[in-house]
2 protein chains.
Amino acid sequence: MKGLTELLKGALEGIVLQHISKGETYGYEITNYLVDLGFEDIVEGTVYTVLLRLEKNGLIDSEKRKSEVGPPRKFYKLTPAGTDYLAEFWTKWTFLAEKMEQLKEK
Amino acid sequence: MKGLTELLKGALEGIVLQHISKGETYGYEITNYLVDLGFEDIVEGTVYTVLLRLEKNGLIDSEKRKSEVGPPRKFYKLTPAGTDYLAEFWTKWTFLAEKMEQLKEK
DNA sequence: TACATGTATATAGTATTACTAGGTAGTCAC
DNA sequence: GTGACTACCTAGTAATACTATATACATGTA
């Protein structure tokens with residue numbers, strides 16, 4: 001789906017953190033994952049800015065590893081702070097989603 | 001709930017449009033409504049910027065009416081374009097909310 | 001060799017949006 | 001006439017996702 005840019009603000013970092021929490025992964029894979037999920041507008045540049053910001057904020061750690069099919073990959077995993085942050089994210093998201101559901105039904 | 005600023009981007013205009021779609025209303029009332037809903041960080045200035053933007057974009061119309069308890073109120077209602085836009089908004093929101101639910105459960 | 005394709009990361013600049021922090025003004029109770 | 005509540009407005013800021021582009025490794029192929 002297209003035209004989700006504004007709705008993704010704030011949500012995208014939660015999506016990325018959640019995906020990383022399920023297993024170490026890297027930007028290029030995350031981008032493909034998101035596009036496959038249906039977020040058509042998401043391109044590599046968007047994902048890299050999110051990853052660099054999350055790392056700068058101490059929510060994820062990275063480790064560079066060689067690849068046999070291209071340049072080295074930077075694998076990310078959550079830090080303890082990132083795990084806490086992700087839990088808070090879901091609290092906020094759930095709050096918003098429930099309010100939205102109430103509004104939608106009225 | 002606090003700290004929802006980023007998640008509200010894109011969602012707030014939908015919330016406001018949905019509320020207006022249920023009956024003509026004005027900024028001050030909308031602000032109180034949102035705070036009562038639990039959006040603690042939302043203040044009048046935020047709502048007015050949303051309303052002025054929506055009107056500028058042709059999604060709502062306004063009509064000034066006298067009040068007996070204060071300054072005149074600007075009552076807003078949806079335009080046909082606003083009604084269409086609101087329907088699109090819910091399509092996008094529902095798409096995102098469903099994806100988020102899938103991610104959350106995994 | 002040269003070139004295209006796929007893999008992989010990075011970043012400067014832009015647009016959009018919500019929030020901050022004020023200002024103006026009408027009505028009413030004290 | 002002062003304060004509280006009602007009601008609207010706006011310039012500036014911060015945060016975020018997107019655009020556009022650059023760099024570079026690996027592989028197949030012309």
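Throughout, protein chains are lettered first and strands after them, A, B, ... in sequence-line order, and every chain is numbered starting at 1.
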message: For B/Arg73, is there an ion pair with B/Glu24 - N to carboxylate O distance below 4.0 angstrom?
response: no

- line: With B for base contact, S for sugar-phosphate-only contact and - for none (protein heavy atoms under 4.0 Å), nucleotides 24-30 of chain C reads -BBSS--

message: Using a heavy-atom cut-off of 4.0 Å across all strands, would you classify B/Lys9 as base, sugar-phosphate, or nothing?
response: base

- prompt: When you measure from every atom of DNA chain D, which of residues 10-19 of chain B have a heavy atom less than 4.0 Å away?
  reply: none

- prompt: Heavy atom of residues 79-97 of chain A under 4.0 Å from DNA chain C: which residues?
  reply: none

statement: Of the candidates D/dT10, C/dA18, C/dT9, the side chain of B/Tyr48 sits closest to D/dT10

- line: side chain to side chain donor-acceptor pair (under 3.5 Å) pairs touching residues 43-53 of chain B, sequence neighbours excluded, are B/Glu13-B/Arg53

Provide a list of protein-nucleic acid N or O atom pairs under 3.5 angstrom, restricted to nucleotides 1-4 of chain D.
none

query: Quick one: is D/dA15 close enough that its OP1 or OP2 comes under 4.0 Å of any side-chain N or O from A/Arg53?
result: no

message: Does C/dT9 have OP1 or OP2 under 4.0 Å away from a side-chain N or O of A/Lys64?
response: no

field: Interface with DNA chain C, restricted to residues 22-41 of chain B and to heavy atoms under 4.0 Å
entry: B/Asp41

message: Side chains of A/Thr94 and B/Lys104: any donor to acceptor distance under 3.5 Å?
response: yes

